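Keep in mind that this is a model prediction, so the values were computed, not measured.
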Amino acid sequence: MARKPTHSTSPDETEFADVPSKSERKRQVEALQKMGTELVDLTDAQLKSIPLDDELRNAVLLARKIKNKHEGYRRQLQFIGKLMRQRDVAPIEQAMERLNAFHQQTVNQFHAVEQQRDLLLSGDEEALTDFFNRYPNADIQRIRQWLRQAKKQAEENKPPTAARQLFVYLRELMTEA
């Protein structure tokens, strides 16, 4: 006796093979709503750099105004997600990625300056010589003065004003290069 196949591939079933499942659609909706939340959290200058149409921009601005009202804010975020589902979000995603890359670059520069300052404050003469070789425009006398002051302030348990001044100077010097 012949068995019937347990799973058939009728033309109707193959037609729906490329339609996303309900779970996948929910993930897409949640991702768009999360992007909408990120839009609301941007500063005014950052928001201006994102290509939004007037309706979406107004919805984001309204969400900022009602942020303290929990239920209204949640509904406004859902509305922003709905508006985003009706639009091509690729340009918005690209602009957000550029903003995030710029932010990451800024954070990396900040950490590099911090590490350089800490290395100089450690008192390592070789590190100091290496720094002056990499940055020949650096004011050697000022840097050495700040290093001495920072050491003295640390010994006397005073606020590290010299270390802060050194940091500001290093940040200006290292970002110019």
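Within 6.0 Å of atom CG in Asp54, 12 or fewer heavy atoms from other residues, nucleotides or ligands are found, so the atom counts as exposed in its surroundings. In Glu156, the CD atom is crowded: over 12 heavy atoms of neighbouring residues, nucleotides or ligands sit closer than 6.0 Å. Within a 6.0 Å sphere centred on CZ of Phe132, other residues, nucleotides and ligands contribute more than 12 heavy atoms.
Nearest approach of Met84 to Leu32, heavy atoms of both residues: SD-O, 3.7 Å. Of all heavy-atom pairs spanning Asp139 and Tyr169, the tightest one is N-OH, 2.8 Å. When all heavy atoms of Ile50 and Ala95 are compared, the pair lying nearest together is CD1-CB, 3.5 Å. In terms of heavy-atom proximity, Tyr73 sits nearest to Thr37 at OH-CG2, 4.3 Å. For Ile143 against Ala138, the heavy-atom pair with the smallest separation is CD1-CB, 3.9 Å. Closest heavy-atom contact between Leu42 and Met96: CD1-SD, 3.9 Å.
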What do the steps show when you test Arg134 against Asp130 for salt bridge (charged side-chain N to carboxylate O under 4.0 Å, His left out), and what is the final call?
-> CA-CA 6 Å; Arg134 279 188 291 152; Asp130 181 48; 3.6 Å; yes
Using the side chain to side chain contact (heavy atoms under 4.5 Å, CB included) rule, take Phe131 and Leu170 through it: C-alpha gap first, then chi angles, then the decisive distance, then the call.
-> CA-CA 10 Å; Phe131 178 77; Leu170 292 177; 3.3 Å; yes
List the steps and the verdict of side chain to side chain contact (heavy atoms under 4.5 Å, CB included) for Leu83 and Gln86.
-> CA-CA 5 Å; Leu83 291 176; Gln86 300 167 356; 4.0 Å; yes
In sequence, state the C-alpha distance, the side-chain angles, and the governing distance for Tyr135 and Ile140, and then conclude on side chain to side chain contact (heavy atoms under 4.5 Å, CB included).
-> CA-CA 10 Å; Tyr135 299 97; Ile140 298 169; over 6 Å; no
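Among residues two or more places apart in sequence or in another chain, the side-chain hydrogen bond (donor to acceptor under 3.5 Å, both in side chains) test is passed with Asp118 by none. Residues forming a ring pair (Phe, Tyr, Trp, His ring centres under 6.0 Å) with Phe79 (at least two apart in sequence, or on another chain): none.
Side chains of Asn108 and Gln104: a donor-acceptor N/O pair is present below 3.5 angstrom, by distance only. Inspection of the Arg74 and Gln78 side chains reveals an N or O donor paired with an N or O acceptor under 3.5 Å.
Side-chain atoms of Gln109 never come within 3.5 Å of backbone atoms of Thr106 as a donor-acceptor pair (strictly under, hydrogens ignored). Judged by distance alone, with hydrogens and angles left aside, the side-chain atoms of Arg25 form no donor-acceptor pair with the main-chain N or O of Val19 at under 3.5 Å. Between the side chain of Gln76 and the main chain of Ala59, a donor-acceptor pair closer than 3.5 Å is present.
Proximity of Leu61 to Arg64: side-chain heavy atoms (C-beta onward) are separated by under 4.5 Å at one or more points.
For the pairing with Lys158, the side-chain contact (heavy atoms from CB on, under 4.5 Å) check across Lys152, Gln153, Gln149 returns one residue only, Gln153. For the side-chain contact (heavy atoms from CB on, under 4.5 Å) criterion with Arg144, the lone passing option out of Gln141, Arg142, Arg148 is Arg148.
Taking 4.0 Å as the cut-off between side-chain N and carboxylate O, Glu55 and Arg87 count as a salt-bridged pair. A salt bridge links Lys34 with Glu38: at least one charged nitrogen is closer than 4.0 Å to a carboxylate oxygen.
Between Phe167 and Phe110, the ring-plane angle classifies as perpendicular under the 30° and 60° cut-offs.
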